[in-house]
Q: 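Once you've had a glance at the structure underneath, I'll fire off some questions.
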Amino acid sequence: MHTLFATGRLISRALLNGIHNFSTATDPKLQQKTEPFLVSAVCGFSKERKIQRLVKGQFGDDAWFSAKCKSADVLGVADGVGGWRAYGIDPGEFSLHLMKACERLVNLGLFTPTNPSELLANSYYELLNNKKAILGSSTACVVLLNRENSTLYTANIGDSGFMVVRRGRVVRRSEEQQHYFNTPFQLSLPPPGYRADVLSDRPDSASTDNIPVEDGDVILVATDGVFDNLPQNIILNELLKCQGERCAGRLQMVANSIAWMARSLSFDETFISPFAERAFANGINTIGGKPDDITVILATVAM
Amino acid sequence: MNYLEQYVNDVWAYSSRYNNIGSYSYAPINLIGKYERYPAYGDFPETYFLRTYGKWWKQSGSSQKCYRFQDCDKLVEDFVIVGFGCAVIPTDICIYEIYNPGAIIRIWGAWTVDKKWHLLWEDHPQKCDPVSRKFCPSLRKLNCLVNLIRIEFNSSYLEYHTAIDAILLGGYQPETNLQTQLANKGLLLLQPSSNDTPNVTEKEDSLQINDKDYFSSLPNEIILKIFQYLDLKSLSRCAQINKRWNTLCQDQTLYQCISLKIYWHLVDTKAIEYFRKKNINVKKLDLSWCDQGQVYGQHILNSEYYIQLRNFLDEIKHTVTHISLNDNYFVDNNIMNVISSCHDLVELRLHNTLNWHRAPLYFSTKLVTLDLSCTHVQDLDLIKILQSTINLEHLILDLCEGIYRMDLVLRVAIEHNRKLKTWSSWKTTSFSLESIKLFGQFLDLEELDLGWCFITNDPADCLSEIARCRKLKRLVLSSWRSVSDEILLPIILSCKELVQIDLMGIKGITSEICERALYMLPKLRLLDISFCDDVRQDEVEIWRQQYPHIKIQRSCQYTSRPTLFH
């Protein structure tokens with residue numbers, strides 16, 4: 001299953017549909033000076049014009065979480081695969097539950113602070129252990145700042161991703177994992193009878209990475225709604241504004257503007273988006289942005 | 001003294017769990033910290049669930065019958081012990097029950113330093129409305145420090161599983177060392193201690209003291225006969241009356257069956273030594289919960305206690321037929337070896353004993369019931385055990401996550417344990433589809449619990465093989481996500497003896513098959529169709545009226561999602 005490209009183009013309207021902000025400011029007093037922590041802000045939009053519901057941790061089919069414990073700060077996003085809607089399954093449910101499970105595992109300390117891929121896998125198994133049959137599939141990206149060795153550990157399945165910017169340069173960016181064009185790797189729990197036909201990647205197929213971080217590094221974790229619509233240079237320009245930023249409020253403004261730009265461009269029918277470029281490279285002639293749910297988590301490293 | 005309110009810091013011990021190790025869903029670990037879901041009401045994985053509810057499990061042929069009816073506490077079924085960060089003199093406890101409240105019957109408190117348990121509150125199980133509640137019983141006034149709380153449950157009156165979200169302990173924390181020491185000695189009278197003495201004197205006053213002691217004119221045999229109806233506590237009181245009573249109370253015949261489960265807080269080295277000295281022929285021995293290690297915490301064994309126990313078991317090995325050592329940490333490889341030399345053993349219960357790793361290679365051939373649920377038993381050990389116990393009827397392997405080759409175990413069981421009536425392997429995941437079909441060869445099988453064994457696999461036609469077990473009374477297929485109406489149909493058509501069917505979490509079944517089951521199974525009493533999303537609630541309501549004798553379970557996560565715009 002894949003995110004259906006052919007969903008009706010929405011007209012670019014300047015109407016603000018669902019804006020929902022959340023910021024976490026870590027109290028510096030509680031932290032020891034040597035221990036790094038993340039200051040983060042979240043912004044996102046649902047692609048739907050009509051708001052069905054507003055749940056914390058969810059923008060349309062996207063979901064996110066931000067959690068912290070003694071050993072690590074953890075951020076994550078997941079993008080529910082919209083194709084399930086045709087089968088009567090709410091695509092947002094799987095991604096939301098996946099992220100909630102991650103959050104709970106972190107809060108309870110049931111994870112290894114060097115292994116976000118294990119965290120993803122365990123939260124996937126938590127979904128299996130839920131009495132409720134949670135069906136659907138989702139991409140996911142989890143980044144984890146290990147306080148002990150000031151290293152960022154990441155795990156990524158599919159086309160959501162992260163980006164680390166230091167002193168004006170992108171020092172690390174996630175690779176997209178795709179089976180073929182517009183069909184990312186995904187964790188899935190398909191309904192009975194469809195198992196054979198459904199792409200399902202094992203939770204341990206996540207691509208993992210780690211990078212030592214420095215004070216002031218900017219980390220962007222976002223779903224494909226951002227990376228498909230905003231060229232890297234535009235993202236970078238925005239991220240430069242918040243290098244070393246420790247005020248969650250100002251970080252929030254940058255997150256808002258990235259999300260808003262992605263949102264506007266996704267409904268722009270004439271814009272040659274990164275998505276359109278890649279479509280073209282795959283022999284599909286298309287132009288304009290890709291209307292999608294958008295989730296942006298922006299964080300800076302403070303030491 | 002500071003007043004302090006605190007949530008649970010860690011979970012020390014529990015007798016019942018719904019989760020696999022490592023998974024947080026429904027696990028005791030959810031008791032830690034502030035409440036997650038309260039005041040919502042429903043079946044949420046972020047809370048602590050007990051494994052059982054109601055009387056359905058007690059109806060099972062494999063359930064434990066009381067070893068000594070006089071000492072049988074029908075009230076307490078499960079417990080959980082939680083720890084708090086600071087020791088306080090307790091004044092309030094709030095328990096956030098968010099699903100089917102009313103199962104809590106006792107609250108105990110202890111301090112990790114003096115290891116003594118004090119009863120803080122006690123009552124009968126309550127019938128409550130289906131709403132979440134913050135349960136704050138009024139505690140007995142206690143003037144000692146507490147940082148461990150033990151909650152005991154009786155869920156037999158519940159309609160469905162109970163769930164607890166968090167536990168809040170409020171109390172006064174001593175500020176200085178002096179206060180701590182005073183509190184430790186019980187000298188710090190913060191609250192007027194509830195004194196039982198007035199009551200006692202009242203009782204004594206009401207007793208009519210006769211000059212003539214009719215009892216003493218009875219022959220010993222009659223007195224012994226009367227004593228047989230007394231529980232251990234009364235017996236030990238009687239022993240203090242006079243010499244004759246004392247000798248009579250120590251008569252061996254009174255102690256052939258010993259059940260110390262309800263005296264878990266009193267059983268210590270001396271108690272075991274007392275029984276050892278009697279040199280009695282114990283037939284049935286229930287030492288569940290009598291785990292001194294739990295009181296001492298961090299599972300440090302009291303070696304003196306352990307040695308007494310091991311010797312006691314060793315001395316009674318020629319006579320004992322029933323042993324129950326549930327939830328005890330002291331059961332280790334050595335104790336297991338002693339147990340394996342009990343040649344007349346009929347029943348062995350080792351639920352939640354996690355300190356033994358290699359099982360002995362054989363048990364008594366007379367063994368009928370074997371409960372190894374929540375243990376680290378491994379496949380090869382289990383296979384050896386099954387090969388030796390040819391008369392086995394009830395086998396309980398729930399949550400045995402050390403078994404990786406259930407297929408192999410099952411094949412051995414089919415070869416050697418032809419008399420099997422109960423097979424319970426709830427939440428074990430190493431079955432293959434091919435092997436599930438083998439259950440069809442146990443023609444005497446009455447109870448089959450395979451809940452959560454097949455979460456994702458497609459069971460295809462294996463249920464039509466299981467349908468050959470015509471005597472089946474209880475079938476648990478919870479969370480076999482891929483089951484559909486056609487797959488289930490053979491069971492409904494041929495297993496006419498079915499009393500309980502659990503189909504929780506099966507999304508693929510429709511109301512059609514449920515209706516068939518209700519109509520066609522004359523003995524059906526329990527049908528669990530919780531989380532079966534394709535069955536409509538209004539249909540369930542109609543069935544409940546149509547079949548009032550059948551309990552139709554219908555649990556769900558009430559998703560009252562917060563909406564911003566109304």
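Here is the naming used below: chain letters follow the sequence lines, and residue numbers restart at 1 for every chain. Values reported hereafter were calculated over all heavy atoms of this structure, with side chains retained and with hydrogens, waters and symmetry mates removed.
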Q: So which heavy atom on A/Glu126 is nearest to which on B/Tyr24, and how close?
A: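 Looks like OE2-N, 2.8 Å.
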Q: For atom CD of B/Glu512, is the number of surrounding heavy atoms from other residues, nucleotides or ligands below 6.0 Å larger than 12?
A: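 No - once you tally the heavy atoms of other residues, nucleotides and ligands closer than 6.0 Å, there are 12 at most.
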Q: Do you know the tightest heavy-atom contact between B/Gly505 and A/Ala133?
A: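 Of all heavy-atom pairs spanning B/Gly505 and A/Ala133, the closest is O-CB, 4.3 Å.
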Q: B/Glu46 versus chain A, heavy atoms under 4.5 Å apart: side chain, backbone, both or neither?
A: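 Both backbone and side chain.
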Q: Heavy-atom cut-off 4.5 Å, strictly under: side chain, backbone, both or neither for B/Asn20 against chain A?
A: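 Contact with chain A involves the side chain of B/Asn20 alone.
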Q: Verify the neighbour count for atom CZ of A/Arg85: are there more than 12 heavy atoms of other residues, nucleotides or ligands below 6.0 Å?
A: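 Yes, enclosed.
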Q: Is there side-chain contact between B/Arg481 and A/Leu128, with at least one heavy-atom pair below 4.5 Å?
A: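 No, too far: nothing below the 4.5 Å cut-off.
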Q: Kindly compute the distance separating CG (A/Asn107) from CD1 (B/Ile29), expressed to the nearest 0.5 Å.
A: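 One finds 11.0 Å between CG of A/Asn107 and CD1 of B/Ile29.
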Q: Is the backbone of B/Ser25 close enough, under 3.5 Å, to the side chain of A/Arg104 for a donor and an acceptor to pair up by distance?
A: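 No: the side chain of A/Arg104 does not pair with the backbone of B/Ser25.
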Q: NZ of A/Lys132 to OG of B/Ser530: how many Å apart, nearest 0.5 Å?
A: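 Reported to 0.5 Å precision, the distance equals 12.0 Å.
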Q: Do you know the tightest heavy-atom contact between A/Lys131 and B/Tyr18?
A: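 Smallest heavy-atom distance, with atoms named: CE-OH, 3.5 Å.
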Q: Of all the heavy-atom pairs spanning A/Asn129 and B/Tyr26, show the shortest one and how long it is.
A: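 Nearest pair, atom of A/Asn129 first, then B/Tyr26: O-CE1, 3.3 Å.
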Q: Under 4.5 Å heavy-atom distance to chain B, tell me which part of A/Asn122 shows up: side chain, backbone, both or neither.
A: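 Neither part, no heavy atoms under 4.5 Å.
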Q: Under 4.5 Å, counting heavy-atom pairs only, tell me which of B/Ile506, B/Asn19, B/Asn30 racks up the most with chain A.
A: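 Option with the greatest count: B/Asn30.
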